[in-house]
Structure formats: C-alpha cells, structure tokens
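First the structure, in the form of structure tokens, and then the observations on it.
Chain A is the first sequence line, chain B the second, and so forth, proteins listed ahead of strands; every chain is numbered from 1.
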Protein chains: 2
Amino acid sequence: MEKGKRHVSLKDLANEIGVSISTVSRALNNHPDISPEVTRKIQQLAAARNYTPNPLAMGLLKQATRMIGVIVPDLVTHFYSSIISGIEQVAEEKGYYILIASSNETLQKEIKAVNNLLKTRVEGLIVCLSQETRSYEHFDRLIQNQIPLVFFDRVCRMGEVPTVVVDNEDAAQKITRHFYRNGFRRIGYIAGPDHLSISQERTRGYLSGLKSCGLEFRPELLEKCNLSSNDAIEATGRLLSLPEPPDAIFGINDTIAFAAMKEIKSRGLRIPEDVALVGFTDEFHSTVVDPALTSITHPTFEMGQEAARLFFKRIENPEAKPDQVVLNTKLVVRKSSVK
Amino acid sequence: MEKGKRHVSLKDLANEIGVSISTVSRALNNHPDISPEVTRKIQQLAAARNYTPNPLAMGLLKQATRMIGVIVPDLVTHFYSSIISGIEQVAEEKGYYILIASSNETLQKEIKAVNNLLKTRVEGLIVCLSQETRSYEHFDRLIQNQIPLVFFDRVCRMGEVPTVVVDNEDAAQKITRHFYRNGFRRIGYIAGPDHLSISQERTRGYLSGLKSCGLEFRPELLEKCNLSSNDAIEATGRLLSLPEPPDAIFGINDTIAFAAMKEIKSRGLRIPEDVALVGFTDEFHSTVVDPALTSITHPTFEMGQEAARLFFKRIENPEAKPDQVVLNTKLVVRKSSVK
DNA sequence: AACCTTTGCGCAAACCTTTGCACTATTTTG
DNA sequence: CAAAATAGTGCAAAGGTTTGCGCAAAGGTT
C-alpha cells in the first residue's frame, strides 16, 4: 500500500484490472450486465485491497450522509448517556452514525449545535431541549424544510414533531399511591420550577394521586425549588419544620432526593421510620445510598431506541402524522419507603 | 426555498446572480481577483440564502473529513462520558466533530468499531481499550498506514502511539499514606484482576506506599476480586473476618468501594471509626453516600482534552515521537477516612 | 444474407467545491 | 500607436460513486 494513500478507490481497482470504473462499480453491486468472470475477479481484488466505498462520495451523490445529529443538555449524566446508547444501537442497525452535541443546558449552545449539525449535513436531529429553552424558532426552520426532527423527554411543538416522553403524571401518581398503601398519610412533595413541563406533569400526578387515595391536598406539603442541591435542602428543611411535618416525601429528581436524604438524616430522623422517601433517579445511585432509595426509574435505553425509531419512520415517510410516544416508568421499591 | 432542496450550493448562487461557480467561490473566499462590487453582491446573497459550504464536497476535495473516531468501553459511566466531553471541547475548537462508538468492553465490538469508523473516513482514532482486549492487530493497521491514533487510560503499543494515563501508582501511594497519617496501621486493599494494567499499577503503589510509611506488607490484607459487586462483597467479608481485621480498606474502583461500604455497614461496623474506607471514584457518587467517601478522582475532563491535543499534534506532525502524558490524580478527603 | 436482439462493457453527467490556467477587455507603457 | 501588463472572469479538472445511454460484437431469426 502506498504511503499517504489511505483508501483504495474504484479507479485504483479499475486501473489494476484494466476495466472502466463503471464496470468495477457494477461488478461490486452485482449488476447482471457484468459477466460472471469479470465480476468475480473484481470482487476478489476489492476484497484483497480492502476496498470500502467512500461515504463522502456517496453522500454527495445520494444527498444523504447517513448521519443523525443528537443534542442533549449534557453528556455526563447517566440519563442522557444511556439514552444515547439506545439511539446508537438502533442507528447502527440501520447503518447510520450519530453526531453528538451538548447544549450544556443553555439556549445559546443549543442554537449553535443545531446550526453546526446542519452544516455537517446530518439527515436530521434528535433533541432534548435545554433547561433554558423557551423559544423554538431554531427548530421551526427544520420543520419548514422538512428536515427530520424528533424530541425526547423535554419536548415542544407537539403535533408537528414526533416526541417520546415518559408518563410523568402516572409516575407521580404511582409514588403517591405507593406511599398510601404503605400507611403514609401526610405526603410531601418537592417540585421543580413551574416552566418545566416535567415538573407540571408530576405535580398533576401528585394531586390526582392524593385524590384517588381519598387524601386531602395540603398546600404546605408542596414545596418548590430550583433544581439545585442547596435549594432542595432548604425546601426539605421547611417541610420538616412544619407543625405537622410530612411522614413521606417525594423528590422530583436525583439531586433533590439525595439532598432531602441528607437533610432528613442530619436532623436525626430515620428513613423510613420517621420520614419515608422516594425519588426519580437511576438504578445505580439509588442502590448506593443507605437506605437504598425507592425510586421511579426511566426506561432510558428504550427511550433512546424509540426516539431513533421515530426518526427513521420520519425519514421513510416524511408526510405521516408525527407520533407521540409515551413510555411507562417503573417504581422500584427499596428500603426507603417501606416500614 | 424549494421543498426537498435543503441546502443551497455555489451553483444556485451562481445561477441566481449570473456569474460562474468559480467566481462565487472566489468571492466568498475574498479572493482579490474578484471585483469589490461583485464580491459584495455575492456575499450578500450567500448570507441571505444561508449558504454553508458542503463538507462532503470539501472532504472529497481535501481528503479530510474533520472527524475523529472515539472508541470507549461504554458510554454510560461518568468516567467515559466526562472524558468524551473533554475530547469534544478541544475538537470543537479546532472545528472537528467526533464520532463515538462503544466497544461494550468486548474485543469483537472494538474491532468492528475500528473498521466502521475507518469506513467513514475519520481522520484518526482516540481509543480506550476494552477490558477483553489483549491482542492489538486491529490497531497495527492504523499505525502502519500512519493514521493518527491516541490511547487513553487503558493503553498499548506505548512508544509507537501517543498515550494519556493517570499515575495509578502514585494515586495508590497517596491513599496508603493518607491512611497512615490519619493513624491507620492495618491497611487492606481490594485489587482487581491481574491482567489489568491499572490493577497492577495500583498494587505497586499500595506496596510502595506501605514501605514508605515503614509498614510491613501483610499478604492477608491484599484481596483480589473480579470487578463485580458480589465478588467485592465477599472479598470485604474475608478481610473483616480475619483474626486481625484491617482498620482501613482501599477499594480499587466505584463498584468495589460501595460494595465494601455495604458489607462493612451490614456487619454493624462504623465508618471510619471501626474501618476507614477510600475508593477510586467520581465526585457525585462519593458525596451521595453516607458517610461521604474519601476518594481518588480522575481528572477525566482534562484527560479527554489532553487526548484530543495529542491527536491534533499527531495530525499536524505525524513524524514526531509520540508523547506519553501522565496526569495526576487528586485525593479528595471526606468523612470516610478521617476519625 | 440481411436484420434484430442480446451480452458486456465504456462514456459522461451529476453531486459540490477549489484552483491552475486561459481568455477578454481594459489600462498602462515604451 | 502598437505592444505589453493588468484586472476580472470562466473553463475544466480533481476528488469517488452511481447510472442512463450508447456502442460494438456476438448470437439468433427469417
């Protein structure tokens, strides 16, 4: 192999055998026009020389890069990396590659990521919105140009764009009822900021869960926080300092559940004897703490798979009505919520 | 904008203005040959039509895709995703994209990933070997063809390929000495399988650490396990059941440290009063458990950055002697190891 | 024997960009 | 005023692939 020349082309093969480029191309694609002997000879040489078609050339020709852009708020949390794994698995089966970009939870970087990915000619985008994102013009451009787009978890433009989310309301309801069944009656809830759809949905589930158990809603048991650990600790503190404190608390995500756990322990209260605790979080973290944390786990890998499937549906049939997929969560009961 | 036509080309602009493609190309590159008015007009139209050069065409022309292939054992652990973030950051600054593949810790998928990435014409590879990988032919092909290659964390072919690793021996030594300084004298160590270089290096550090503190090495205090949680629990059990059990234990990674923590607690022993504990793990997990776990943290993000930097060095100067970068770890002291 | 069909292959265009060279006007120089 | 320089633009090739069409030779049909 010549130095500096890293890949053989059809031309190289053609020259070596003494036929035209088209013949080589056809032979490799088993075109019936080419005689069996020639085909055999060409295919052997191609194998020997380790020929693989140049995807750049194919991309130019077919106007299809077989690449999908994926934008996530960050790369380092298990939730997103697991979803990416799911996307990757389905993409790989279809012979697609994914190009990953991180918005770092900022709108600015999200917009930049969209533009950069489009520049690279990805065939479309699979996106989870950043926490900041409240205007969606940068996606409207894709919608107008019929560039395939799928949202997951944090979504917008529903009805126009395929989405995959988990049933947050149902999940929160499950938690509430789980508490009820285990004898807890004063169920507290630490929510997130109002503008996040997941926070709203979970709040709805909390309320409807209370109702379905015949429990009355006590406003003082619903606390809000931004999603920081410190704020969550304060919120927990307020709940525990109530004249009639909750006997069970449900935190809206990882950070908050663990912060609540710390605060409860630091007040000398026992989990679950004095206060039960349930969170929304992933398997590994939940089993590492003491007591192991009962929690709602997301089907992250499946979520990624589903997002990718919706994407390919879109590629194959751009006109179809966009699907809205809702996945179910699972309540995994551990020690923190069972007396 | 026409439907179905997603990107404008030089040709489109040329036709619209009534000049040749070359003129448009030159105008956009501010070539002095083109008259100022024409240049201005073309640049305005290009901006209006949202023109961006087609990277496929550029790739074909320049024989450079501006893509780097990255292969990691898995995507879902913080260690790797954080490294990827580091790689991405440096790559982005250089206008490169990264294509991520996961080997799932198997040799077979690693080989497949190498081949697939080469097929896509990445300009080179940044790789962390899978746990299984003990033969390296699939990389020799790259070395021979002068395709840029960088290894991080788990490395091979040192001397031929740039590598970036952490100083595992030093890290293990730090831990041992930290124990000593805090009054612990019977220091246990739960190692991993022998064939892993990181396990060997850390064992060396453990031994030299003991020596430098004037402590004698007791073989019964060195336990081995495969890296599973159950095995680690058993190993911890054996240590704690010794006639003279250790007063401090050092676990070689996340899984093992947390498993040890569980086992210690389940025997009714207190951390750090009865047994101190230190692990190799990441920030988040360590602070979530109770007591917070003292641990060695890897400079993961920096490791990714460094790997990317070595990669570009290689691109710019393929002949240079490959660098071997060794990064320092940090011992973050928390409650689990200080009486 | 004259024509038609089939077989097997090559030419050239298209996808998009850059760039050396050629070309045409204009302007400058001797 | 003729010759030469200069400014401004277009042509065409290259990079790799697919594919409609054309073409030649061979075989088959009356």
*B/D12 CG to C/dC15 C1', straight-line distance once rounded to whole Å*: 12 Å
*By nearest nucleotide on DNA chain D, pick out whichever of B/L56 and B/V19 is the more 5' one.*
B/V19
*asked:* Between P on C/dT18 and CG on A/L60, what's the gap in Å once rounded to a whole number?
replied: 12 Å
*Does a distance-only test, which skips hydrogens and angles, find a donor-acceptor pair under 3.5 Å between the side chain of B/S22 and the base of D/dC11?*
yes
*So does A/R309 pair up with A/E306, basic N to acidic O under 4.0 Å?*
yes
*asked:* On DNA chain D, compare the nucleotides closest to B/R121 and B/I21; which residue's is nearer the 5' end?
replied: B/I21
*Near DNA chain C, which residues from residues 26-33 of chain A have a heavy atom under 4.0 Å away?*
A/R26, A/D33
_I need the minimum non-hydrogen distance between B/I126 and B/A308, along with the two atoms involved._
CD1-CA, 4.0 Å
*Output yes when at least one side-chain N/O atom of B/S25 is less than 4.0 Å from OP1 or OP2 of C/dT17, else no.*
no
*Look at the side-chain N and O atoms of A/Q63 and state whether any lies under 4.0 Å from the OP1 or OP2 oxygen of C/dA14.*
no
*Among the candidates D/dT9, D/dT17, D/dG15, find the nucleotide nearest to the side-chain atoms of B/V38.*
D/dT9
*In whole angstroms, how far is the C1' atom of D/dG10 from the CG atom of B/N15?*
14 Å
*asked:* Working note: A/E123 + A/R66, criterion side chain to side chain contact (heavy atoms under 4.5 Å, CB included); need CA distance, chi angles, decisive distance, verdict.
replied: CA-CA 7 Å; A/E123 292 185 29; A/R66 298 188 90 73; 4.0 Å; yes
*Would you indicate which nucleotide in D/dT17, C/dG10, C/dT19 comes nearest to any side-chain atom of A/P53?*
D/dT17
*asked:* Using the ring pair (Phe, Tyr, Trp, His ring centres under 6.0 Å) definition, which of the options A/Y136, A/F139, A/F311 pairs with A/F151?
replied: A/F139
*Taking only Lys NZ, Arg NE, NH1 and NH2, and the carboxylate oxygens of Asp or Glu, determine whether B/E132 and B/K109 approach each other closer than 4.0 Å.*
no
_Rounded distance in Å - CE (A/M58) to P (D/dG15)_ = 19 Å
_Euclidean distance, atom CD1 of residue B/I34 to atom C1' of D/dA7 [Å, nearest integer]_ = 10 Å
_Starting the side chain at C-beta, find the nucleotide from D/dG15, D/dG10, D/dT9 nearest to B/S20._
D/dG10
*So, for A/V8 and B/R121, which heavy atoms are closest and what is the spacing to 0.1 Å?*
O-NH2, 4.4 Å
_Nucleotide nearest A/T23 (side chain, heavy atoms from C-beta), chosen from C/dT17, C/dG10, C/dC15_ = C/dG10
*Taking NZ from B/K62 and C1' from C/dT17, how many angstroms apart are they, rounded to a whole number?*
8 Å
*From the list C/dG10, D/dG16, C/dT17, which nucleotide is the closest neighbour of the side chain of B/S9?*
C/dT17
*Is the closest basic N to carboxylate O distance between A/D323 and A/K313 below 4.0 Å?*
yes
*Any idea which of C/dG10, D/dG16, C/dT17 is nearest the B/L10 side chain?*
C/dT17
*Quick one: closest heavy-atom pair of B/E105 and B/R154, and the distance?*
OE1-NH1, 2.9 Å
*Measure from NZ on A/K11 to P on D/dA13 and round the result to the nearest Å.*
12 Å
_N/O (side chain, B/S35) to phosphate O (OP1/OP2, D/dT9) under 4.0 Å_ = yes
*Going through the distances and angles, do A/T65 and A/T120 end up as a side chain to side chain contact (heavy atoms under 4.5 Å, CB included)?*
CA-CA 9 Å; A/T65 51; A/T120 70; over 6 Å; no
_Atom CD of residue position B/Q108 - does it have more than 12 heavy atoms of other residues, nucleotides or ligands inside 6.0 Å?_
no
*From D/dG15, D/dG16, C/dT19, pick the nucleotide closest to the side chain of A/A57?*
D/dG16
*Please give, in whole Å, the distance from C/dA12 P to A/L61 CG?*
18 Å
*Look only at the side chain of B/N54 and the backbone of B/L56, and say whether a donor-acceptor pair between them is shorter than 3.5 Å.*
yes
*Note every stem involving DNA chain D: at least three consecutive Watson-Crick or G-U wobble pairs, i with j then i+1 with j-1, with both distances under 3.5 Å.*
C:1-30 with D:1-30
_Side-chain N or O of B/Y51 closer than 4.0 Å to phosphate OP1/OP2 of C/dC16_ = no
